[in-house]
Number of protein chains: 2
Amino acid sequence: MNMRNIKLIISYRGTHYCGWQIQPNGVTIQAKIIQGIRELTGETVNLNGSGRTDAGVHAVGQCANFHTSSTIPADKFFRALNTRLPADIRVISSEECDLAFHSRFNAKGKSYVYKIYENPVASPFVFDLAFHVQRKLDWKAMKEAAGYLIGEHDFKAFMASGSAVKTTIRTIEEISFEKNGELREITFKGNGFLYNMVRIMVGTLYEVGYHRLEPQDITTILKSNDRARAGITAPAQGLYLNKVYY
Amino acid sequence: MNMRNIKLIISYRGTHYCGWQIQPNGVTIQAKIIQGIRELTGETVNLNGSGRTDAGVHAVGQCANFHTSSTIPADKFFRALNTRLPADIRVISSEECDLAFHSRFNAKGKSYVYKIYENPVASPFVFDLAFHVQRKLDWKAMKEAAGYLIGEHDFKAFMASGSAVKTTIRTIEEISFEKNGELREITFKGNGFLYNMVRIMVGTLYEVGYHRLEPQDITTILKSNDRARAGITAPAQGLYLNKVYY
């Protein structure tokens, strides 16, 4: 039996799932994909995702890998698998990779996109796909504030309290802003992200956008290592895991 | 009791509804709004929509009006009403209008947008918001074909068979094409549309896009008055009632 390692790029709308990671109660994206692979190959595989995403969080380019002895050609896997998956989960591509490749351990960095719908009235089309803000945000101040987050910092103040990690030092390489109609998109690229870090960074930029914080306050917040000093945790539905870098 | 006529502009995601019009079985958008108005005012009103939309069809600017003796200021109505409506239905604005105004009878024209997602793999974000086509369409040929639909014609061949109307003559003022990332949008503006007319026009342009019909065939199809000569009825999820003109 010839064992192969298959790498998948996966896109999903997280709205109706209890997040990525398989769990005893509640439907998860990982569980749906494992079930699809089982229906296709008869095997119950270990599907390694690049990382978890929370309930309601979306992905454009989640990466996951699994070992299989199936003879389905690697590049045909994604189409076959899509026939066994619900419409809100789509595998974009599949390819064979080195047997030692691991989606999580080999990840060198990630990018996330956070979408904000800025309009006095909510939209029936994006209420589950973006964070709705009714009043105009000060985007100039937010961009200035974002500048203080770039670089290597201890992001302890931007991590959900109670998480356990070896180090809270991370490097943010880039934060960029784009406008798509009434959707504002903030892209974060970095070598790794702490639990809820993107959502707390967005929540803090949002407070800057409403002038409840000054752009320079970011420096003080970073130095404080105190979660209570940073802003709100922006809601899950605005967050998209965009790309995993290897 | 001072009777007033209130005009609403409504946006909705049609995915989870059996269309606009109230019916004994199945949840409809009209029924949800009537229920919201009842909770707000205690009145069970007649809500006149500008026209029906089918199950799964969306609206950006549906128009509807109703008479009420409620003292809620007209321009505050939409916000109050939104608190009584599900997130996939949003009232965009409300205003007082002439007592004689009727959303359907006074409509002078409408525009519809049809969205096509052109990509080898379906998207988890738009499977219910656009028509997914896997292969590239010939947009040049489709634009040429659209030109033959513009003007005053007998659109009987582009009407779902079995519909009863006084006349099947309509005027299409404009058909325009736009590209938004991987979404293609076709906008139709006209003085009125027959049942399923936009979806059949799109289905026919789609056949042109796959070279199963030639652009000039549109003329023959129009002249034939034969529904069987036109293309497929494009799926409901791509269609948006865009604007009603008065």
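Every chain is numbered from 1 and lettered A, B, ... according to where its sequence line falls, protein lines coming before strand lines.
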- request: Decide if the gap between the ring center of Y240(B) and the ring center of F125(A) is smaller than 6.0 angstrom.
  value: yes
query: With only heavy atoms counted, which part of N119(A) is less than 4.5 Å from chain B, the side chain, the backbone, both or neither?
result: neither
- prompt: Is it the side chain or the backbone of P120(A) that comes within 4.5 Å of chain B heavy atoms, both, or neither?
  reply: both
- request: Answer yes or no: does atom CZ of R52(B) have more than 12 heavy-atom neighbours from other residues, nucleotides or ligands under 6.0 Å?
  value: no
query: Rounded to the nearest 0.5 Å, how far does OG of S123(B) lie from CG of D88(A)?
result: 10.5 Å
query: Checking heavy atoms, do the side chain of L129(A), its backbone, both or neither come under 4.5 Å from chain B?
result: side chain
Closest contact, heavy atoms only, N82(B) versus V121(A): ND2-CG1, 3.9 Å
- prompt: Does atom NZ of K243(A) have more than 12 heavy-atom neighbours, drawn from other residues, nucleotides or ligands, at distances under 6.0 Å?
  reply: no
- prompt: Does atom CG of N180(B) have more than 12 heavy-atom neighbours from other groups under 6.0 Å away?
  reply: yes
task: Go through the steps for R13(A) and F127(B) under the test side-chain contact (heavy atoms from CB on, under 4.5 Å), then give the verdict.
output: CA-CA 10 Å; R13(A) 193 194 291 200; F127(B) 67 88; 3.6 Å; yes
field: Atom of R90(B), atom of P124(A) and distance for their closest heavy-atom approach
entry: CG-CD, 3.8 Å
